[in-house]
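Presented below is the structure to which this report refers.
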There are 2 protein chains.
Amino acid sequence: MREYYSITELTREFDISTRTLRFYEDEGLVQPVRRGRTRLFRPTDRHLIRQILRGRRLGFSINEIREIIQMYKEPPGEVGQLKLMIKRIEEKRGELRQKRRDLEETLAELDHAEESCVERLVELGVNT
Amino acid sequence: MREYYSITELTREFDISTRTLRFYEDEGLVQPVRRGRTRLFRPTDRHLIRQILRGRRLGFSINEIREIIQMYKEPPGEVGQLKLMIKRIEEKRGELRQKRRDLEETLAELDHAEESCVERLVELGVNT
DNA sequence: ACGTGAATTGACTTTTACGTAAACGCCATG
DNA sequence: CATGGCGTTTACGTAAAAGTCAATTCACGT
């Protein structure tokens, strides 16, 4: 496990711009350390980026991603906070399950659409 | 099956604004008929709205949603078009499968986070 | 005929998530 | 030593997806 990653290394690995990474830093999603003024990203930052991009692909906003990331962190020490956190996690899971239903339905419709296309090709006597 | 739905009926059903529906019309995603100036949405428009919102929840842009909707329509008559369409459908399915992986991973991490919270509660001697 | 509520159009505004450009520091290499 | 490459900050720009507001315009019930 490497200790530090430069910003351009990560932009290449994840195919995002430096602007994007700096933006995520401004938003408090990652906290690279500094050597002088240059940013050094640690494995934990790298993993966070992975999580951010996952959230992004799922259509979550930066704020929602921030919330989700909070949930991955060390659980709080106080009972009320813990219960609240669990409730929030439940809510997010609800959203994700909704997304999963949406996804399966969309996939099913695409399957159906493809079938229609294939049938049509067969009708036209195309060798598949 | 009702023949027509008014714009406000649909805004209530789907919890979106009239502005949003008109925007979707401008974008050519739905084509309600007109009686004078007022829009009359048919069941097919209603179903399209359902599909649009599904796409939106999955983080697809309007353009991507437009593409997907094209795929649901009658398959084209020409062989080249059909093959192209099938290729596009395959691509979209790829995207959706990526989203599904993202989703499962996120759900898994949330499960893990919740477990940590519950464990912590048990440590604190809270009666769950 | 008249007021009231629902719908319409059009213009302007807002938010999000970056893009882009300018201007500069640091340093290794030819 | 200057050139390229990578890094920085600050600031302004922008596209997408609506929200908001103003000014009508119907449709109707009385």
Side-chain angles (χ1 to χ4, degrees), chain A residues 2-42 45-46 48-70 92 95 99 102, chain B residues 2-42 45-46 48-70 92 95 99 102:
Chain A
R2 297 262 313 269
E3 186 161 11
Y4 295 124
Y5 303 86
S6 81
I7 196 168
T8 29
E9 273 179 313
L10 294 180
T11 64
R12 292 200 184 109
E13 174 170 2
F14 294 110
D15 193 29
I16 54 181
S17 68
T18 59
R19 180 71 182 84
T20 300
L21 279 174
R22 292 192 191 108
F23 173 69
Y24 292 157
E25 186 184 6
D26 286 347
E27 291 294 317
L29 298 179
V30 291
Q31 283 123 306
V33 296
R34 300 291 181 116
R35 180 174 50 205
R37 295 203 308 175
T38 86
R39 293 162 176 82
L40 299 175
F41 293 80
R42 285 157 304 182
D45 295 307
R46 186 155 160 274
L48 278 171
I49 294 168
R50 222 191 288 282
Q51 291 171 333
I52 293 166
L53 298 182
R54 235 160 45 199
R56 198 174 71 166
R57 282 192 298 268
L58 289 173
F60 286 110
S61 71
I62 294 297
N63 281 329
E64 289 172 315
I65 290 172
R66 206 200 321 279
E67 286 175 30
I68 294 174
I69 283 178
Q70 288 300 324
K92 274 297 161 202
E95 280 182 56
K99 278 185 202 287
D102 290 329
Chain B
R2 297 261 314 268
E3 187 163 10
Y4 293 126
Y5 303 86
S6 79
I7 195 168
T8 30
E9 273 178 312
L10 294 179
T11 63
R12 291 200 184 107
E13 175 171 2
F14 294 110
D15 194 29
I16 53 180
S17 70
T18 59
R19 181 71 184 82
T20 300
L21 279 174
R22 286 193 274 269
F23 173 68
Y24 291 156
E25 186 186 5
D26 287 347
E27 291 294 316
L29 299 178
V30 292
Q31 283 122 305
V33 297
R34 299 291 180 117
R35 181 174 52 204
R37 295 201 313 173
T38 85
R39 293 162 175 83
L40 299 176
F41 293 79
R42 284 159 302 180
D45 295 307
R46 186 154 161 276
L48 277 171
I49 295 168
R50 223 192 286 284
Q51 292 172 332
I52 294 166
L53 298 181
R54 235 161 45 198
R56 201 174 69 165
R57 283 193 298 269
L58 290 173
F60 285 111
S61 73
I62 293 297
N63 282 330
E64 289 172 315
I65 290 172
R66 205 198 323 278
E67 287 176 27
I68 295 174
I69 284 178
Q70 288 300 325
K92 274 297 162 203
E95 280 182 57
K99 278 184 202 286
D102 290 329

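Below, read A as the first sequence line, B as the second, and so on, with proteins coming before strands; counting in each chain starts at 1.
Following rounding to the nearest Å, Asn63(B) (CG) and dA16(D) (C1') show an atom-to-atom distance of 9 Å. In this structure, the CZ atom of Arg57(B) is 16 Å from the P atom of dA17(D), given to the nearest Å. The interatomic distance linking Arg34(B) (CZ) with dT25(D) (C1') rounds to 14 Å, in whole Å. Here the C1' atom of nucleotide dC6(D) and the CD1 atom of Ile7(A) are 10 Å apart, to the nearest Å. Summarising the geometry, the separation between CG on Leu29(B) and C1' on dA16(D) is reported as 13 Å, rounded to the nearest angstrom. For Arg22(A) and dT10(D), the CZ to P distance is 12 Å, given to the nearest whole Å. Remark: P of dA18(D) and CD1 of Ile49(B) are 12 Å apart, rounded to the nearest angstrom. Nucleotide dC6(D) holds its P atom 16 Å from the CZ atom of Phe41(A), rounded to whole Å.
Contact check, Arg56(B) against dA16(D): no side-chain N or O comes under 4.0 Å of OP1 or OP2. Proximity of Thr38(A) to the phosphate of dT8(D): no side-chain N or O atom is located under 4.0 Å from OP1 or OP2.
Using a 4.0 Å cut-off between charged nitrogen and carboxylate oxygen, Glu95(B) and Lys92(B) count as a salt-bridge pair. A salt bridge links Glu25(B) with Arg34(B): the distance from a Lys NZ or Arg NE/NH1/NH2 to an Asp or Glu carboxylate oxygen falls below 4.0 Å.
Residue contacts shown for Arg66(A) are absent, as no nucleic acid heavy atom lies under 4.0 Å away. At a threshold of 4.0 angstrom between heavy atoms, the contacts of Thr18(A) with the nucleic acid are absent.
With dT8(D), dA18(D), dC6(D) as the candidates, the nucleotide lying closest to the side chain of Thr8(A) is dC6(D).
Side-chain contact between Thr20(A) and Arg56(A) is present, with heavy atoms from C-beta onward closer than 4.5 Å.
For the pair Leu40(B) and Arg37(A), both in contact range of DNA chain C, the more 5′-proximal nearest nucleotide belongs to Leu40(B). A residue-by-residue look at Gly36(B) and Phe60(B) shows that Phe60(B) has its nearest nucleotide of DNA chain D further toward the 5' end.
The salt bridge (Lys or Arg N to Asp or Glu O under 4.0 Å) check on Arg2(B) picks up Glu9(B), with sequence neighbours excluded.
No more than 12 heavy atoms of other residues, nucleotides or ligands lie within 6.0 Å of CG in Asp15(B), so this atom counts as exposed by the packing criterion.
Asp45(A) places a side-chain N or O within donor-acceptor distance of the main-chain N or O of Arg42(A), the cut-off being under 3.5 Å. Judged by distance alone, with hydrogens and angles left aside, the side-chain atoms of Asp102(A) form no donor-acceptor pair with the main-chain N or O of Gly55(B) at under 3.5 Å.
Nucleotides of DNA chain C lying under 4.0 Å from heavy atoms of chain B occupy a range whose first and last members, 5' to 3', are dA7(C) to dA11(C).
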